[in-house]
Structures are given as C-alpha cells and as structure tokens.
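Order of listing sets the numbers, starting from 1, for every ligand and every atom in it.
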Amino acid sequence: MSKWQELENKYYMQVVKRLPLTITKGLGARVWDENGKEYLDFVSGWAVNSLGHCHPALVTAVTEQAKTLIQTSNQFYTIPQIQLAEILVENSCLDKVFFSNSGAEANEGAVKLARRYGKLHLNGAYEVITTTNSFHGRTLAMVSATGQAKFQQPYTPIPSGFVNVAYNSIEAIKKATSEQTCAVMLEPIQGEGGVNVPADDYLATVRDWCDQQGLLLILDEIQTGVARTGTLFAYEQYSVEPDIMTLAKGLGSGVPIGAIMAKESASVFAPGDHGSTFGGNVLTCAAAYATVKFIIDHDIAGQVKKRGEYFISRLTSLQQKYNFITDIRGRGLLVALEFNQDIAEDLLNTCLSQGLLINQVKPNTIRFMPPLIISQQDIDEALDILDSTISGIVG
Ligand SMILES: Cc1ncc(COP(=O)(O)O)c(C=O)c1O
C-alpha cells in the first residue's frame with residue numbers, strides 16, 4: 001500500500017472497495033499512476049470522461065471561465081448556463097432544463113417534477129414505477145427508486161412512493177399502475193444493473209401505456225445520454241420521446257453536473273418549487289457547454305456508433321475463441337461481457353496489472369465504458385490485453 005493509500009485508509013470513509021491504484025494524471029484515453037505507470041482507461045470515471053482526460057476543448061473552457069467568473073447565485077442570469085440550456089434543448093425533444101450537481105440529484109428533481117405534475121393534473125397521484133436492477137442514485141429517495149435490495153436494506157425504512165417492477169416487461173408496468181401512479185421511470189439501457197438492453201419495442205410500448213393512462217415517462221439517461229450509446233440520447237434509437245429526461249455523467253466530461261429536462265407540458269415547476277445553490281454553476285456549465293458543443297460539432301455520436309460496432313465485432317471473435325463467454329451486450333461504447341463463471345474480479349485485477357482499466361459490474365460480468373473519443377488502435381490494444389488475460393486465467 002502506498003503512502004497515499006494508507007492516508008486514505010486513515011482519513012476517508014471506507015464506502016468504496018478501491019483498487020490499488022492512485023491515479024495522478026490523465027490524457028486522452030490514458031491515465032498514469034504515482035509511479036508513472038501508464039494505463040488504458042476503459043472505465044473513464046464510470047462513463048464520465050466523454051472527451052477523454054484533459055481534452056483541450058474542456059481545459060480551455062474551464063481555464064477561461066475560471067479566470068472570468070466561477071459562481072453567482074441563481075438569482076442572476078449567467079451566459080454559460082443559458083448557452084448550455086439552449087444547446088441541450090435545441091438538440092433534443094425536450095423544451096426546458098434545470099441543472100443539478102449530480103445524477104441522483106437530477107433524478108430527485110425529476111421525481112419532484114412528476115409529483116408536482118400529479119398534484120396539478122392527476123388528482124394528487126404521486127407514485128413512480130421503476131424497475132428491478134435499475135440504478136438511479138444514492139440519495140434516500142433514489143435508493144427507493146433503485147430496484148436493488150442491496151442498496152435499500154441498509155437504510156430501511158426507505159421513502160415510499162416507488163414501486164419496483166420487472167424490467168423489460170410492459171405487463172409488469174400495467175399491473176403496477178394504479179390511481180396513485182404519476183410516472184414510469186426507466187433507464188433506456190440499464191447500466192449498473194449489468195448493461196441490460198431491453199426488447200426493441202419495450203420503450204415504445206411503455207410510451208403507449210403512459211399516453212393511454214396519462215402518466216409521465218421519465219427516462220434516466222444519466223449513463224446512456226450524451227452520445228454514450230451512439231446517438232446523442234438513447235431514446236432516439238427507440239423512436240420514443242420522454243416527457244422528462246435526466247442527464248449527468250458524460251455531460252461535463254468530468255466536471256460534475258446533472259440536468260433535468262422536460263417537455264413544456266411536463267415543465268410544471270413554479271418559482272420557489274425547486275432550486276440549488278450550485279446547480280447551474282457558471283464553471284460547470286461552461287465545461288458542459290464545451291463538451292456538448294464538441295460532441296455535436298464533431299459528430300462524436302456517429303463515431304461512437306462505428307467504434308462500438310468494431311468493439312463488439314472484436315468481442316464476438318473472442319467469444320468464438322472462448323466458449324465460456326456467454327453474452328456480449330450493449331450499444332455504442334457501453335458494453336458488457338458475461339461469463340459462465342465468476343471470473344470478473346480476477347480478470348479486472350490481471351488487466352489492471354497489464355495496464356488496462358475495466359469495470360466489474362457483476363461477479364461474472366465486466367463492463368467497458370471508454371472515452372467517446374477512443375481510437376480503433378486503442379480498442380485493438382485493449383482487446384489484445386483482454387485476450388491474453390482471459391487465456392491466462394482460464395487456460
Ligand atoms: C442510470 C444512472 N442514474 C443515476 C446515477 C447516479 O448518478 P450520480 O452518481 O451522479 O448521483 C447513475 C450512476 O451510476 C446511473 O448510472
């Protein structure tokens with residue numbers, strides 16, 4: 001254990017089982033540890049560093065903004081906040097936006113918005129249907145929304161107002177709908193739940209049901225949004241439009257920011273209904289604006305689609321070689337590889353020693369979330385390391 005790791009042990013709450021790596025520098029798709037060892041980063045801060053580490057567009061935006069204005073209160077207008085709102089609205093199906101500091105906080109706001117809508121238009125309905133294996137964040141209400149017992153049990157009693165039903169089942173949503181229901185909240189592809197891609201018509205059937213029942217459809221695009229799955233937003237691939245959408249993670253390419261977006265009809269907050277001291281902060285909005293503008297101007301979503309297809313084709317070759325690879329799933333650059341044995345942790349540790357960062361999303365499943373600007377050569381390099389690691393572990 002290095003000096004820094006010992007100090008962390010002494011001073012920091014032990015809520016994460018950390019890997020034995022202290023990252024001190026990053027550039028593009030690579031990071032370096034305190035001893036100067038280089039790693040190829042296929043985790044990118046848990047699907048956050050969209051433009052890779054320290055991208056010049058981001059560094060320039062943050063540097064210039066830090067020299068100009070960092071924070072004011074939300075009682076005043078600030079230009080980066082408005083520019084970011086405009087670029088997100090003009091490039092999505094949503095009409096209004098509010099910025100938060102994280103994904104969980106964006107989801108909290110989205111649920112508040114749905115409850116407000118319920119009070120105004122649905123006779124006070126307040127319940128939100130969410131799905132098992134979902135992940136919506138770590139605040140108390142979002143732990144309730146998250147359909148995984150392991151996140152709920154340590155904190156019981158958890159807030160009421162959420163019903164968790166099976167993912168990828170319209171029947172389960174229909175059965176759970178009652179007079180108390182105001183919204184259905186889903187990830188278009190479940191990220192933390194294991195990169196679970198629903199049937200092609202799932203979101204459309206949920207949309208139809210919401211329309212029939214007058215419910216809001218909230219899409220949590222915190223992991224799938226901002227080009228991660230090969231379109232600017234994942235909903236575009238399913239021919240549906242949400243009433244409310246949340247973003248975070250890749251939105252600021254590493255600078256913490258979240259967003260609640262809503263259609264005009266669902267945008268029912270009135271002055272005083274919601275707020276945040278730091279939400280919409282000038283510095284983070286300048287960073288996110290530079291990120292989103294770069295992604296749109298350079299068709300990064302199109303590039304992600306191509307790279308994702310190449311990545312999956314190389315994983316498919318691996319599957320032909322190793323028959324204990326049981327599944328490859330994902331879209332764009334959000335991809336999982338599942339095994340018929342619990343080897344994810346061993347694989348992760350060996351890849352780490354070989355200079356490749358990957359993520360264990362389940363004991364038998366690893367997940368890849370490289371920066372959106374990853375090159376084909378970097379994908380090849382990562383796959384070569386993975387191949388030799390797998391053969392070393394099971395060979
Ligand atoms: C789909 C989804 N929603 C919400 C969150 C929570 O975001 P944050 O960790 O920024 O609060 C996450 C984080 O992994 C996520 O993947």
(message) Suppose clustering is done on Ile, Leu, Val, Met, Phe, Trp and Tyr with side-chain heavy atoms closer than 4.5 Å. Which residues sit in the same group as Leu58?
(response) Val62, Ile70, Val255, Leu283
(message) Once side-chain hydrogen bond (donor to acceptor under 3.5 Å, both in side chains) is applied, what residue pairs with a partner in residues 346-361 remain, sequence neighbours excluded?
(response) Asn359-Arg367
(message) A quick test of your reading: do over 12 heavy atoms of other residues, nucleotides or ligands sit less than 6.0 Å from CG of Asn35?
(response) yes
Within the protein, flag every N or O under 3.5 Å from an N or O of ligand 1, and note the pair and distance.
{"from": "ligand 1", "atom 1": "3 (N)", "to": "Phe135", "atom 2": "O", "distance (Å)": "3.2"}
{"from": "ligand 1", "atom 1": "3 (N)", "to": "Asp220", "atom 2": "OD1", "distance (Å)": "3.3"}
{"from": "ligand 1", "atom 1": "3 (N)", "to": "Asp220", "atom 2": "OD2", "distance (Å)": "2.7"}
{"from": "ligand 1", "atom 1": "10 (O)", "to": "Gly103", "atom 2": "N", "distance (Å)": "2.8"}
{"from": "ligand 1", "atom 1": "11 (O)", "to": "Gly103", "atom 2": "N", "distance (Å)": "3.4"}
{"from": "ligand 1", "atom 1": "11 (O)", "to": "Ala104", "atom 2": "N", "distance (Å)": "2.8"}
{"from": "ligand 1", "atom 1": "14 (O)", "to": "Lys249", "atom 2": "NZ", "distance (Å)": "3.1"}
{"from": "ligand 1", "atom 1": "16 (O)", "to": "Gln223", "atom 2": "NE2", "distance (Å)": "2.9"}

(request) Determine which pairs satisfy salt bridge (Lys or Arg N to Asp or Glu O under 4.0 Å) with at least one residue from residues 56-85, sequence neighbours left out, and list them in order. (result) Glu64-Lys67
(request) May I ask you to say whether Asp273 pairs ionically with Lys119, meaning some side-chain N is under 4.0 Å from a carboxylate O? (result) no
(request) Would you please classify the geometry between the Phe324 ring and the Tyr322 ring as parallel, tilted or perpendicular, with 30° and 60° separating the classes? (result) tilted
